[in-house]
Amino acid sequence: MPPSADSKLPLNKLNLKTPNRNTNVVTIDVGGQLFQTTKQTLDLAGPKSLFSRILDFSDQNPNTNPHVPFIDRDPELFSILLSLLRTGHLPSKSKAFDFEDLISESKFYGIEPLLLNSHSNPSQFEAFNLEKSLLLPLSGRDSPSAISTTPFGSVHVAHGSKITSFDWSLHRKSTILTQFTAVDSLLALSPTIAAAGATDFSGLQVIDFEKGFVRETLNWENVTRSSSTVQAIGCSPDYLFTSFESGRRNSNSIMVYDLQSGFRPVTEIGHYEIFGANLDSAIPATKLSWVSSKNLLMASGSHSGPSGVQGNIKFWDIRSGNVVWEIKEKVDCFADVTVSDNLSAIYKVGVNSGEVFFVDLRNIGTENSWVCLGDNRKVINGKKEGVGSRIESRGNQVFCSKGGDLELWSEVLIDSLRKGEHGLEDRVFRKNSVGRAKDMGGSRITCLGFGGNKMFVTRKDQQFVEVWQSSVRGF
């Protein structure tokens with residue numbers, strides 16, 4: 001393995017001597033092959049890179065006879081990385097090289113962040129140009145139960161009692177065995193750390209995948225002093241949110257922890273108790289989403305009873321501990337719900353109709369009914385068309401799974417629209433299919449996740465993760 005980019009490399013080991021500082025051109029000998037570039041290009045590598053140390057050494061020794069610095073590395077790989085410095089992305093000839101070799105070389109030169117940015121930049125995500133590009137295999141016979149991603153495309157996958165992590169390149173993975181029988185909730189806090197919980201095992205565990213141990217175990221001290229199982233996990237830049245339910249399933253709460261001070265408990269919101277047979281009095285939140293534009297936490301939960309599926313969506317102000325808006329679901333309760341800051345709206349897929357609906361967040365706090373984006377079909381023969389559907393937002397689009405297929409909903413911008421009842425213009429959305437014909441279909445989609453320029457999809461009874469990319473560059 002090559003040395004880490006952060007390691008101290010003695011300059012005399014590199015045979016460094018000062019290049020001619022009277023010119024803007026810098027010549028470097030890599031493995032016997034000469035390369036010429038500019039000081040400005042080498043400066044793009046950053047202050048922690050080997051190139052910066054070459055320039056610093058030259059500046060500190062201006063009177064030394066000019067000689068070409070020599071680096072004993074592979075010149076072909078160096079040419080790829082030099083092209084990355086010059087253009088900001090990998091050249092087409094990089095496809096001929098093993099990506100692991102490029103990662104190792106980028107670490108040696110101290111420019112791995114540049115390689116990461118070129119390979120998995122979130123700005124490269126193009127929702128209308130997604131293709132299934134890769135399958136990530138999982139060990140064992142268990143299908144994925146939860147996935148969580150980081151902004152630049154690393155992904156954690158829960159399958160059975162195991163969690164497998166893939167790095168941003170998706171070429172390296174590690175698997176750990178947890179104490180859970182099955183992991184039901186998973187949230188990536190960093191590329192190497194995630195919070196995990198289960199509905200049948202007490203406590204939220206913060207797991208360090210790199211070191212292979214549990215850093216923290218967080219519990220909720222409920223009134224019945226029974227175990228506290230995890231129903232959902234969410235986070236904001238400052239806080240970790242966890243929805244707990246008592247082992248007796250007669251009380252629940254949402255705990256708020258400070259991410260900056262080692263998961264110190266900050267406050268408790270939404271503490272509910274079930275009274276008698278009234279299940280509606282304490283539906284635990286099974287999905288937590290932070291709405292940064294409103295500085296609110298959206299908590300949603302539902303349950304199935306004799307009268308059908310019922311639920312609620314609540315928006316919490318964590319500073320006051322109060323609910324500032326609530327939507328009660330009775331007619332066509334959500335099979336899944338998501339919120340989009342970019343589109344300023346909440347979206348759901350109805351458990352009965354299977355249709356996608358939205359509520360405008362600009363009307364938050366008012367009486368506001370769901371608007372159907374589809375055909376508003378009636379339920380046929382009592383069949384619940386939306387059972388098992390998933391809905392997630394990414395940028396300016398909303399993705400909704402229907403069985404083994406994916407729908408893509410986008411807002412259509414129109415010059416003039418009539419005003420709705422709250423004085424806001426009506427909004428128009430249009431549906432598209434996702435992917436090429438050969439990529440569509442298959443068993444029911446169970447999880448959706450987005451990271452970097454990729455979409456991650458898992459399916460029922462399959463032991464791998466599908467990777468969909470909007471533009472396959474290099475690798």
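Residue numbers start at 1 and run along the sequence shown.
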Hey, what's the ring geometry for F125 with F450, parallel, tilted or perpendicular (30° and 60° as the breaks)?
perpendicular
Smallest separation among heavy atoms of G404 and I445, with atom names:
O-CD1, 3.8 Å
Are T164 and H159 close enough, and set up right, to give a side-chain hydrogen bond (donor to acceptor under 3.5 Å, both in side chains), and what steps lead you there?
CA-CA 8 Å; T164 296; H159 50 115; 2.8 Å; yes
Atom CG in L90, atom OG in S118: separation rounded to 0.5 Å?
4.0 Å
Would you indicate whether R436, at its atom CZ, is surrounded by more than 12 heavy atoms from other residues, nucleotides or ligands within a distance under 6.0 Å?
yes
So which pairs with a foot in residues 144-156 pass salt bridge (Lys or Arg N to Asp or Glu O under 4.0 Å), sequence neighbours left out?
none
Determine whether a donor-acceptor pair (N or O, by modelled atom type, separation under 3.5 Å) exists between the side chain of S104 and the backbone of E100.
yes
As an exercise, state the distance from CG of L130 to CE of M455, rounded to the nearest 0.5 Å.
5.0 Å
Please name all residues satisfying salt bridge (charged side-chain N to carboxylate O under 4.0 Å, His left out) with R264, sequence neighbours left out, ordered by chain then number.
D258
side-chain contact (heavy atoms from CB on, under 4.5 Å) against R141, all qualifying residues, sequence neighbours excluded:
none
Measuring from T149:OG1 to L186:CG, what's the distance to the nearest 0.5 Å?
10.0 Å
Any non-hydrogen side-chain atom of V256 less than 4.5 Å from a side-chain atom of L297?
no
Between I103 and E112, is any pair of side-chain heavy atoms under 4.5 Å apart?
yes
Sequence-distant partners of T458, side-chain contact (heavy atoms from CB on, under 4.5 Å), two or more places apart
P144, I147, T446, C447, V465
Would Y239 and W290 count as a close aromatic pair, with their ring centres under 6.0 Å?
no
State the CD-CZ distance between Q33 and F78, to the nearest 0.5 angstrom.
9.5 Å
Does the side chain of T242 reach to within under 4.5 Å of the side chain of I254, using non-hydrogen atoms?
no
Could you give me the CA-CA distance, side-chain angles and deciding distance for H89 and Q124, then say whether side-chain contact (heavy atoms from CB on, under 4.5 Å) is met?
CA-CA 11 Å; H89 59 80; Q124 298 172 356; 5.8 Å; no
If we ignore hydrogens and angles and just use 3.5 Å, is the side chain of S133 paired with the main-chain N or O of V467 as donor and acceptor?
yes
Considering only heavy atoms from C-beta outward, does the side chain of F358 approach that of S340 to under 4.5 Å?
no
Got a sec, which residues hit side-chain contact (heavy atoms from CB on, under 4.5 Å) with A45, two or more places apart in sequence or on another chain?
S49, F51, L85, I111
By side-chain contact (heavy atoms from CB on, under 4.5 Å), T150 pairs with (sequence neighbours left out) S154, A188, P191
Can you tell me how far the CG atom of D336 sits from the NZ atom of K287, to the nearest 0.5 Å?
3.5 Å
Keeping the roles fixed (side chain from D439, backbone from K132), state whether a donor-acceptor pair exists under 3.5 Å.
yes
Could you give all pairs that pass the salt bridge (Lys or Arg N to Asp or Glu O under 4.0 Å) test and reach residues 313-324, with sequence neighbours left out?
D317-R319
Which heavy atom of A198 sits nearest a heavy atom of F180, and at what distance?
CB-CD2, 3.6 Å
Using a 3.5 Å cut-off and no angle test, enumerate the donor-acceptor pairs between side-chain atoms of residues 206-214 and protein atoms at least two apart in sequence or in another chain.
unit_1: D208; atom_1: OD1; unit_2: E210; atom_2: N; d: 3.0
unit_1: D208; atom_1: OD1; unit_2: K211; atom_2: N; d: 3.0

Output every pair passing salt bridge (Lys or Arg N to Asp or Glu O under 4.0 Å) with a member in residues 440-460, not counting sequence neighbours, ordered by first then second residue.
R459-E466
According to the salt bridge (Lys or Arg N to Asp or Glu O under 4.0 Å) rule, which pairs have a member within residues 142-156, sequence neighbours left out?
D142-K162
So, using side chain to side chain donor-acceptor pair (under 3.5 Å) as the criterion, who are the partners of W316 when residues are at least two apart?
none
Applying salt bridge (charged side-chain N to carboxylate O under 4.0 Å, His left out) to K294 and not counting sequence neighbours gives none
Under-4.0 Å salt bridge between D405 and K402:
no
